[in-house]
Amino acid sequence: MKRMRRDVRSRLNQFVSNPSCEANVRSAVHDIPMVSVARVEGFDPTVGQSPFAIVRGLMFERSLFEDGATKLEGALVKAGVLPPGAQGFLDLRLKSAGGPMHNLVDARDGFYDFLEDLAERDDAERAAIPSLVAAPAIQIPGRSILPDGLFAIDVLTIHPAPKPEPIVLQIGEIKVYPDRGGFTDAQKLAQTRAQAGVYLYGLKLAISKLGLDQAIEVSTRGFLVLTYPGTNLPNIRPNEDLEWQAAGAAQSFDKLRAAAAEELPLDDPRQAAPPTERLAYIQHAEIHYRESCWQFCERAQRCHEWSLSAGDPQILGESVARLLGPIRLDRALELMDGAEAGNDAERDFLTRIESLTRGEAA
Amino acid sequence: MTTRDALQRLRSWQQGRPLPRGETLPWPKLSDEHSLVLAFVRMAGETLPWAIAIGRPDQAPSLYSVPDPRKVDDVIAMLVDLGPVILGHLHHPMTLTQDQRESLRSDQDAFFSELPARQLWLPGSSHRAMMHLLDYRLSPARRADKKTLAVINPLGRALGWLFRESTRPGQLRVMTASSCLTTVYDFPAEDLRLQHLGFLLAWLQTPGDREARRQAAAKAEQQAVSMTMDPAFERESLSKLVESYNQALAAEAESSLEPEQRESARHSAAIKGLVEDEVLRRWRLTVSARALLFADGRESNAAMDKLVKLSEDEYRYQYYRNERPREFADDVKAPPRVGPDPETDRSPSAAASRFFMHQYSEDLAFSELIHGDAELVEIALERGDAIRGVIAQVLDEGAGRASKPVWVVVSRDAGVLRLRKGSGVCVLGLRGRTGRIRSVSMNDDGRVFEVVIQNWKRARANAPAANDEEALEGRAVTLVADSPAELSRSKAAKVWGRRTPGSWLTHADPAPLPDAKSKVRRDLLSLVKELEKEA
């Protein structure tokens with residue numbers, strides 16, 4: 001398996017954070033870390049997760065799957081994701097995560113064998129299907145994500161039904177942030193759902209490639225496994241509608257394919273940074289700066305400066321960008337200082353500010 | 001964000017500095033004596049604090065920390081120390097003097113009327129979230145000694161109430177510094193970055209031009225201000241220390257050395273220095289924000305009295321009533337001291353009631369504060385919740401001694417209008433003079449409103465009688481939406497009743513849990529044979 005600087009899952013998460021930005025897409029597809037690009041451009045962003053957060057995440061996941069995943073299974077039954085009496089657990093986690101698999105290729109092969117076996121089973125045998133699969137690995141077909149497109153979903157639940165009904169799979173995302181009901185971090189939830197949508201779409205593609213989509217269906221409803229605040233207990237959010245996120249992923253995957261089709265000089269991940277030519281490939285890409293870039297992209301400051309010098313009103317947020325439309329920031333200031341409007345957009349802008357100003361003067 | 005807000009942001013960019021929003025502050029300025037500033041830091045991934053700073057803004061804060069917040073017993077011990085500070089801030093019964101207890105026992109109204117108002121200041125929204133997380137952990141705790149539980153249970157409930165109160169529109173008790181600044185200033189930056197307190201203060205306090213402020217803000221932004229510390233800081237400075245501490249602790253299990261002489265004590269001191277520095281920085285930024293807000297020249301909105309009263313009522317009935325000792329119960333049966341669940345209302349009626357109270361709070365804040373701040377009027381006009389015009393005609397359609405003043409108001413404004421026939425309105429600056437719009441039409445002069453004045457018809461100290469055509473005709477007037485705040489308040493009470501609309505939903509018995517699915521037996525022959533055998 002070809003070495004990578006970052007695993008496919010991290011790169012997919014990066015991609016889904018801003019699929020409109022060509023630089024971001026290229027960075028995700030070709031495994032060119034944005035931090036290397038930012039540094040070459042003279043910025044020095046801090047990167048990486050806290051080791052405490054990493055350990056916490058690993059410990060939480062391990063605790064869910066201990067003793068044949070009893071803790072997680074119990075929580076899923078309680079939440080109504082699995083029916084009472086559901087049992088059976090297929091562990092496809094890597095050894096580093098506490099499972100039996102040596103690498104993602106083995107995990108993928110194990111999962112695909114399982115799926116093919118599922119499709120063959122008759123009704124009596126379907127009753128004995130394990131209800132839970134940990135870390136099923138899939139490969140996104142085609143050259144969407146170089147070089148191998150292999151990544152693991154956190155967890156799947158299996159919902160058999162008598163033939164000719166298909167066996168239904170539900171995707172689950174495991175996160176360590178606390179579930180505080182209506183006060184749970186909305187941005188994190190949105191990001192988690194977006195990621196789950198991408199995996200859902202990837203799983204559908206993989207099943208279709210295996211020719212099993214008559215016998216196996218991937219539900220557009222998934223579930224989230226968060227933590228109960230202050231504990232290591234899982235809190236399940238069932239019935240998450242991921243249809244829209246999966247549809248968005250399907251549209252965005254075309255961008256992935258287009259970027260993946262481009263040939264680049266090779267990289268040796270053992271070197272500290274990718275070669276200059278690969279970095280230049282990102283530097284010459286168009287950017288699509290948004291304020292949400294600050295949450296995930298190490299190059300956000302560079303793109304912000306760029307947008308500022310280009311007069312992009314996005315540097316003042318989405319609302320100002322909507323107000324100005326195609327009008328550049330410096331031109332907006334000229335109009336506010338009394339310059340005459342030169343087109344319909346500028347006239348509309350002046351009309352709107354005049355009506356507000358008139359009210360203030362009254 | 002409205003067009004006006006977007007435009008104000010553009011103007012602030014144009015001028016190169018944050019611009020004040022509003023002529024007044026929508027909260028009272030309480031003295032240092034009655035204010036408390038609180039900040040947390042946590043270990044990434046954890047939901048309990050690593051260090052806490054708390055204190056009056058005019059004094060050095062008390063600092064609390066533990067070497068490893070994953071050792072829950074240590075954190076609980078830290079919180080036991082913190083408890084009296086928070087509980088004292090809220091005048092919890094266990095912190096009262098003997099005289100105060102006597103007053104609470106004998107005359108509750110007098111007791112509450114004498115309690116000074118208090119404010120709790122926090123750096124940002126993540127610190128508010130920590131209060132909620134502590135409610136989850138502490139309020140239901142049962143596995144500890146009685147002395148510990150006697151502190152951490154009420155502390156959890158107190159923090160939980162403070163968190164819930166902070167979400168109520170128009171509340172005056174919990175001041176999140178970053179939100180306070182963005183409420184009263186328009187900043188030339190994206191919304192996401194406006195959550196960073198250091199970023200905001202740099203924009204406000206840096207001298208020079210826009211570029212100087214922008215650079216300073218970008219630099220300030222690189223230092224974390226949320227309760228989560230910089231991952232690089234945890235990675236490079238803290239993780240090794242924590243690991244060494246735990247290793248030393250394990251090796252010292254049988255040690256005969258004094259605790260302060262042990263290796264673990266050395267690592268613990270180093271960790272303490274680092275995390276307490278971090279939390280202190282956040283605490284100081286909050287104090288700076290508060291000082292800046294107090295010093296910017298604007299006074300508190302003069303029309304806040306009803307909001308203050310509502311805040312007092314929420315404190316008394318949503319928090320204190322749950323904490324009052326049983327022996328202080330009056331003729332109302334004292335509720336069990338369990339307190340609301342941090343996770344859920346547990347009852348549809350409770351959830352509905354709180355929803356209506358939040359609605360009431362929001363409506364009240366709008367309808368009261370507008371009378372004390374001209375800029376809020378402009379915002380209402382832009383939204384279509386107010387009319388600015390001239391009283392073209394004053395009629396009195398009353399019969400006999402009864403007066404029924406009707407104003408014909410003409411307005412040239414052509415923007416959005418949400419007021420319509422039947423809407424309640426209030427005269428700006430005269431909160432008691434309310435009326436209802438009878439008709440809306442257009443003529444060459446603009447929009448024409450017929451408004452029937454229903455309350456405060458007589459002359460007041462600062463206003464002629466509502467039917468005084470000589471004094472009123474030709475006079476400019478602004479009418480603001482008189483939102484039916486009291487309607488929401490009344491719904492909040494009625495929703496508990498079993499015979500009110502919607503009770504079929506709020507008072508319904510929960511549906512029974514579904515039966516476990518039985519196995520489907522498709523082979524009928526073998527099933528029959530089995531049944532025969534059993535028979």
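Order of the sequence lines fixes the chain letters, A, B, ..., with proteins taken first and strands second; residue numbering starts at 1 for each chain. Atom set for the values below is all heavy atoms of this structure, side chains included, hydrogens, waters and symmetry mates excluded.
- With a threshold of 4.5 angstrom between heavy atoms, B/D5 does not approach chain A through any atom at all.
- Using cut-offs of 30° and 60° for the angle between ring planes, the B/F163 and B/H132 rings count as parallel.
- Contact annotation for A/L329: only side-chain heavy atoms (C-beta onward) come within less than 4.5 Å of a heavy atom of chain B.
- At a 4.5 Å heavy-atom cutoff, B/E375 makes no contact with chain A through either its backbone or its side chain.
- Heavy-atom distances place the side chain of A/Y228, and not its backbone, under 4.5 Å from chain B.
- Ring orientation note: the planes of A/Y289 and A/H304 are nearly perpendicular, at an angle over 60° on the 30°/60° scale.
- Taking 4.0 Å as the cut-off between side-chain N and carboxylate O, B/D73 and B/K71 do not count as a salt-bridged pair.
- Looking at A/Q49, only its backbone comes within 4.5 Å of chain B, counting heavy atoms on both sides.
- No part of A/F60 comes within reach of chain B, as not one of its non-hydrogen atoms sits under 4.5 angstrom from that chain.
- Both the backbone and the side chain of B/R235 come within contact range of chain A, each with at least one heavy atom under 4.5 Å from a heavy atom of that chain.
- Neither the backbone nor the side chain of A/E318 comes within contact range of chain B, judged by heavy atoms closer than 4.5 Å.
- A salt bridge links A/E173 to A/K175: at least one charged side-chain nitrogen sits closer than 4.0 Å to a carboxylate oxygen.
- With a 4.5 angstrom heavy-atom cutoff, B/E382 touches chain A only via side-chain atoms.
- The number of heavy-atom neighbours closer than 6.0 Å to CD of B/E211, taken from other residues, nucleotides and ligands shown, is above 12.
- For the pair B/R17 and B/W203, the NZ or CZ position fails the cation-pi test of under 6.0 Å to the six-membered ring centre and within 45 degrees of the ring normal.
- At a 4.5 Å heavy-atom cutoff, the contact between A/D179 and chain B is made by backbone atoms alone.
- Heavy atoms closer than 4.5 Å to chain A are found nowhere in B/L194, neither backbone nor side chain.
- Here B/L10 contributes atom CG and A/S319 contributes atom OG; the two are 11.0 Å apart, rounded to the nearest 0.5 Å.
- Between B/R70 and B/E46 no salt bridge is recorded (no basic side-chain N to carboxylate O distance below 4.0 Å).
- At least one test fails for B/R9 against the ring of B/W13: distance under 6.0 Å to the centre or angle within 45° of the axis.
- Ranked by heavy-atom pairs shorter than 4.5 Å toward chain B, the options A/Q314, A/R180, A/R290 are led by A/R180.
- The part of B/E221 that comes within reach of chain A is its side chain, from C-beta onward, which places non-hydrogen atoms under 4.5 angstrom from that chain.
- Of the residues considered (A/Q301, A/R322, A/Q295), A/Q295 shows the highest number of contacts with chain B, using heavy-atom pairs under 4.5 Å.
- The residue among B/E343, B/M229, B/Q14, B/R193 with the most heavy atom pairs within less than 4.5 Å of chain A is B/R193.
- B/F233 CZ: more than 12 foreign heavy atoms inside a 6.0 Å radius.
- B/V72 does not touch chain A: none of its heavy atoms, backbone or side chain, sits under 4.5 Å away.
- Contact of B/A129 with chain A is made through backbone and side chain together, with heavy-atom distances under 4.5 Å.
- The number of heavy-atom neighbours closer than 6.0 Å to CD of B/Q215, taken from other residues, nucleotides and ligands shown, is above 12.
- Interface residue B/L192: backbone and side-chain heavy atoms are both found under 4.5 Å from chain A.
- Using a 4.5 Å cut-off between heavy atoms, A/S292 contacts chain B through its backbone alone, with no side-chain atom that close.
- A/L323 touches chain B through its side chain: at least one heavy atom from C-beta onward sits under 4.5 Å away, while N, CA, C and O do not.
- For B/T344, no part sits under 4.5 Å from any heavy atom of chain A, backbone or side chain.
- Contact annotation for A/E305: only side-chain heavy atoms (C-beta onward) come within less than 4.5 Å of a heavy atom of chain B.
- Interface residue A/N235: only side-chain heavy atoms are found under 4.5 Å from chain B.
- Counting only distance, with no hydrogens or angles, the side chain of B/S139 and the backbone of B/D135 share a donor-acceptor pair below 3.5 Å.
- Between the side chains of B/H127 and B/S125, no donor-acceptor pair is found at a separation under 3.5 Å.
- Screening A/T70, A/I174, A/N232 against A/L64 for a side-chain contact (heavy atoms from CB on, under 4.5 Å) leaves a single residue, A/I174.
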